[in-house]
Amino acid sequence: MSTQRYSVTPHPIETILAWVKSGEIAIPEIQRPFVWDATKVRNLLDSLYRGYPVGYLITWRNPTVKLKDGSLSAGKRILIDGQQRITALMAALLGREVITKDYDTVRIRIAFHPVEERFEVSNPAIAKNPAWIEDISVLFSPEADLIDLTEDYVAKNPGADRKTIGKALQRLGKIVNNHVGVIELAEDLDIETVTEIFIRVNSAGVELSQADFAMSKIAVNEKYGGNLLRKAIDYFCHLAVAPEFASKIEKSDLEFAKSEFWPAMRWLKDVNDDLYDPTYADMLRVAFTFEFGRGRLQDLVALLSGRNFETKQYEEAIAEESFAKLKSGILAFINRTHFDRLTMILRSAGFVTGDLITSRNAVNFAYILYLRGRREGVPADELERLVRRWYVMSILTGRYTGNPETTFDYDIRQIDAQGITQYVETVIENELPPTFWTGMLPQLMETSSAQSPYFIAYLAAQARLGDKGFLSTNITVRDLLLNRGDKHHIFPRKYLQKQGLSRGRYNQIANFVMAQSEINIAIGDKPPEVYFKEIAEQVNGGPKRYGGITDPEILRQNFEENCLPTSLLDGQVPDYETFLAERRRLMSLRIKRWFEVLG
């Protein structure tokens, strides 16, 4: 018979709100920002007023920590499920402001009609109507007097019955006495179990990641600057997407603006670059793996709690050291020189737009590799070469898909054991042998996904090698990528549709080239044997129909850069499947040449 790993205790809402105000229960950003709309807050208040159940809250107490003097300190409760309900109650009853997912600070005012015993979201019309109490938080203020509130209401509404109004307001005031069940999970449960419990009981099925737990640990720690560290992570991620948010930080969060984090990140206010917009999970993963030499975020959660992996105990000294190391990692992450150098390395490899960054974890480990190499004094040009080649290898092999944490952990430990240069070169040699380019890669390129890493790599290769767009004289693939040029079907889509081919066949990546829109339009739905013949005529004195190339040798070079069989110029148009197989081979060799150029 299994042991019950939780306790269930009913508590008045008033008590729970008092715990939140005192810090006994911490409400970190563990699931998501406050995302309820005001009508859901209204419905919650209505349910409480009518005595309906509003679900359970789930808390998980931080482990008891051994202090430096040898004494023990019981951890705070962390709210695992129920954040939105508690935040809604704090907002509606106590008048607290909430921060939305867009970092806007708002007040949610719920109005009450004591005659009709009805709740509504307050609005200008309600505010002008004396039949409504515009904001119910006035009833829950420490200075509130039920008799005075009743008399005031009756004075404004002469036809109202004093006794009826008094009873309604009294009933409303007592909703804080309603009980809510609090499920407290055993403090020795591991994070994976708590995550599974959350997913099972949360009807919305919201994913709860290790990064969420790490952020919760950071947010609730006041002793070692967790709150400011949490803000630094959140604010950097938001600024990367919305630089204009900087003015709001400087005006509304003076404490943070005076911290050491703000000068380190305010450079983002002048940057509009979406090549790499990290999430808080990305920042935590990079900072943790770089500083701690570990890849599993569950280890970060344990270390921030003070876990000693050898004794299995929790010690304050370990928590203090872990917060200091994480802070150092975050400061390294947000350093402008570091961040700019990473994006420069990616661009120098040909990944010139955010659309070409499809593997976030590959970028994350590239950043870790850069930071470790910089710390270890690897020469700048050598480090850039290693990071470029590692990143390309990672996306071509899908190294960080599936179970990235395990691979992160393995790679960083091997780097510690073997050294960066040796490990990187050894892995690349093993993962990308000569047969990869001629055997495996052409097979992998049999896909219709324009977001496949192989097509992304091909486009980056063309951008890095300076290839011209299909039939373009001066416009490069890089230009087309930066200006959202067209992906042109070499064998036109409608032409193939008429032959009965499905979307998955006519949208094969080997059937795409980057082209200027006017060239794409000029070709239209013409059969390939028709327009390739006209292209050949164009460079032999015929009319210019497609772009400005009139020299046969320049055309031949354009075909080679775009991995098109030059036999097409001689009027030899193979069947579609034969063409795809040959083009995949040529595209693979183009990617191979690119990789060689990178190092």
Side-chain angles (χ1 to χ4, degrees), residues 346 348-352 355-359 362 385 388-401 424-425 427-471 476-478 480-481 487-491 504-515 528 532 556-569 572-599:
L346 295 174
S348 71
F351 300 92
V352 294
D355 292 338
L356 297 181
I357 303 296
T358 56
S359 175
R385 184 185 73 86
R388 271 194 300 267
R389 286 166 58 82
W390 183 272
Y391 177 72
V392 172
M393 179 277 297
S394 299
I395 63 171
L396 285 175
T397 60
R399 190 170 187 84
Y400 299 112
T401 57
V424 168
E425 298 291 9
V427 171
I428 289 175
E429 184 179 350
N430 291 335
E431 293 291 329
L432 301 178
T435 55
F436 175 81
W437 310 105
T438 56
M440 183 177 294
L441 185 54
Q443 295 179 41
L444 293 171
M445 295 184 82
E446 187 170 349
T447 174
S448 61
S449 171
Q451 292 301 304
S452 78
Y454 321 112
F455 189 58
I456 295 296
Y458 172 67
L459 294 178
Q462 286 201 290
R464 174 64 175 82
L465 295 172
D467 295 343
K468 300 290 197 306
F470 179 52
L471 302 180
T476 65
V477 170
R478 182 186 183 95
L480 293 169
L481 291 170
K487 291 187 184 74
H488 167 70
H489 290 78
I490 303 166
F491 276 60
R505 295 314 300 165
Y506 63 70
N507 275 348
Q508 284 286 300
I509 63 172
N511 193 31
F512 284 127
V513 284
M514 292 300 297
F532 277 117
R556 186 172 296 275
Q557 181 180 341
N558 185 270
F559 270 44
E560 290 175 353
E561 290 179 355
N562 285 281
C563 302
L564 293 169
T566 53
S567 60
L568 293 169
L569 295 173
Q572 300 175 29
V573 179
D575 66 84
Y576 182 56
E577 293 299 331
T578 301
F579 164 77
L580 290 178
E582 175 62 9
R583 188 150 191 266
R584 290 186 194 108
R585 184 184 73 82
L586 294 172
M587 291 169 72
S588 298
L589 292 177
R590 196 72 178 163
I591 294 173
K592 178 176 182 287
R593 182 187 171 193
W594 164 58
F595 191 71
E596 291 169 347
V597 168
L598 295 181

Participant: Side chain of N507, backbone of S448: donor and acceptor closer than 3.5 Å?
Facilitator: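 Pair absent, no side-chain N/O of N507 close to backbone of S448.
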Participant: Kindly say whether G439 contributes a backbone atom to a donor-acceptor pair with the side chain of Q443 at under 3.5 angstrom?
Facilitator: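 It does hold such a pair.
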Participant: If you measure from CG on L432 to CG on L441, what distance do you get to the nearest 0.5 Å?
Facilitator: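 Going from CG on L432 over to CG on L441, the span is 9.0 Å.
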Participant: Using only atom types and a distance under 3.5 Å, with no angle test, would you say the side chain of N558 pairs donor to acceptor with the backbone of F470?
Facilitator: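 No, N558 side chain to F470 backbone: no donor-acceptor pair under 3.5 Å.
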Participant: Which pair of non-hydrogen atoms, one from I395 and one from S359, has the smallest distance, and what is that distance?
Facilitator: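 Scanning both residues, the minimum pair turns out to be CG2-CB, 4.1 Å.
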Participant: How are the rings of F351 and Y391 set relative to one another: parallel (under 30°), tilted (30 to 60°) or perpendicular (over 60°)?
Facilitator: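 Perpendicular: the ring planes of F351 and Y391 meet at over 60°.
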Participant: State whether the side chain of R583 and the backbone N or O of N562 hold a donor-acceptor pair below 3.5 Å, judged by distance alone.
Facilitator: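 At least one qualifying donor-acceptor pair exists.
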Participant: How far apart are the closest heavy atoms of A450 and I456, and which atoms are they?
Facilitator: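 For A450 and I456, the tightest heavy-atom pair comes out as O-CD1, 4.0 Å.
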Participant: Can you give me the closest heavy-atom contact between L481 and A463, atom names plus distance?
Facilitator: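 Closest pair (atom of L481, atom of A463, distance): CD1-CB, 4.1 Å.
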Participant: Is the distance between the ring centroids of F512 and H488 less than 6.0 Å?
Facilitator: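 No: the rings miss the under 6.0 Å criterion.
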Participant: Nearest 0.5 Å, please: how far is CG in D467 from CZ in R590?
Facilitator: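 Reported to 0.5 Å precision, the distance equals 4.0 Å.
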Participant: Which heavy atom in R505 sits nearest to a heavy atom in Q508, and how many Å separate them?
Facilitator: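 Looking at all heavy atoms of both residues, the closest pair is O-CG, 3.1 Å.
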Participant: Between W594 and A349, is there a donor-acceptor pair closer than 3.5 Å when you use the side chain of the first and the backbone of the second?
Facilitator: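 Between the backbone of A349 and the side chain of W594 there is a qualifying donor-acceptor contact (under 3.5 Å).
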Participant: Under 4.0 Å between a side-chain nitrogen and a carboxylate oxygen: does that hold for R593 and E596?
Facilitator: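 No salt bridge links R593 with E596.
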Participant: What residue among L598, V477, V352, V392 forms side chain to side chain contact (heavy atoms under 4.5 Å, CB included) with R464?
Facilitator: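 The passing option is L598.
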Participant: Report yes or no: does Y458 contribute a side-chain atom to a donor-acceptor pair with the main-chain N or O of I509 at less than 3.5 Å?
Facilitator: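 Flag not set: sc Y458 to bb I509 has no pair under 3.5 Å.
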Participant: Among M445, M587, R584, whose side chain to side chain contact (heavy atoms under 4.5 Å, CB included) with Y454 holds?
Facilitator: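 In the set M445, M587, R584, the residue that makes a side chain to side chain contact (heavy atoms under 4.5 Å, CB included) with Y454 is M445.
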Participant: If you look at every heavy atom in P565 and F579, which pair is closest and at what distance?
Facilitator: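 Result for this residue pair: CD-CE1, 3.9 Å.
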Participant: What distance do N430 atom CG and M393 atom CE have between them, rounded to the nearest 0.5 Å?
Facilitator: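 One gets 10.0 Å once the value is rounded to the nearest 0.5 Å.
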Participant: Given 3.5 Å as the limit, does a donor-acceptor pair link the side chain of E561 with the main chain of Q462, or not?
Facilitator: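 Here the side-chain-to-backbone pair does not exist.
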Participant: Supply the atom-to-atom distance L396 CG to F436 CZ, rounded to the nearest 0.5 angstrom.
Facilitator: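 The distance works out to 5.0 Å.
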Participant: Write down the atom of G469, the atom of L480, and the distance for their closest heavy-atom approach.
Facilitator: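 In this case the closest contact between G469 and L480 is CA-CD1, 3.8 Å.
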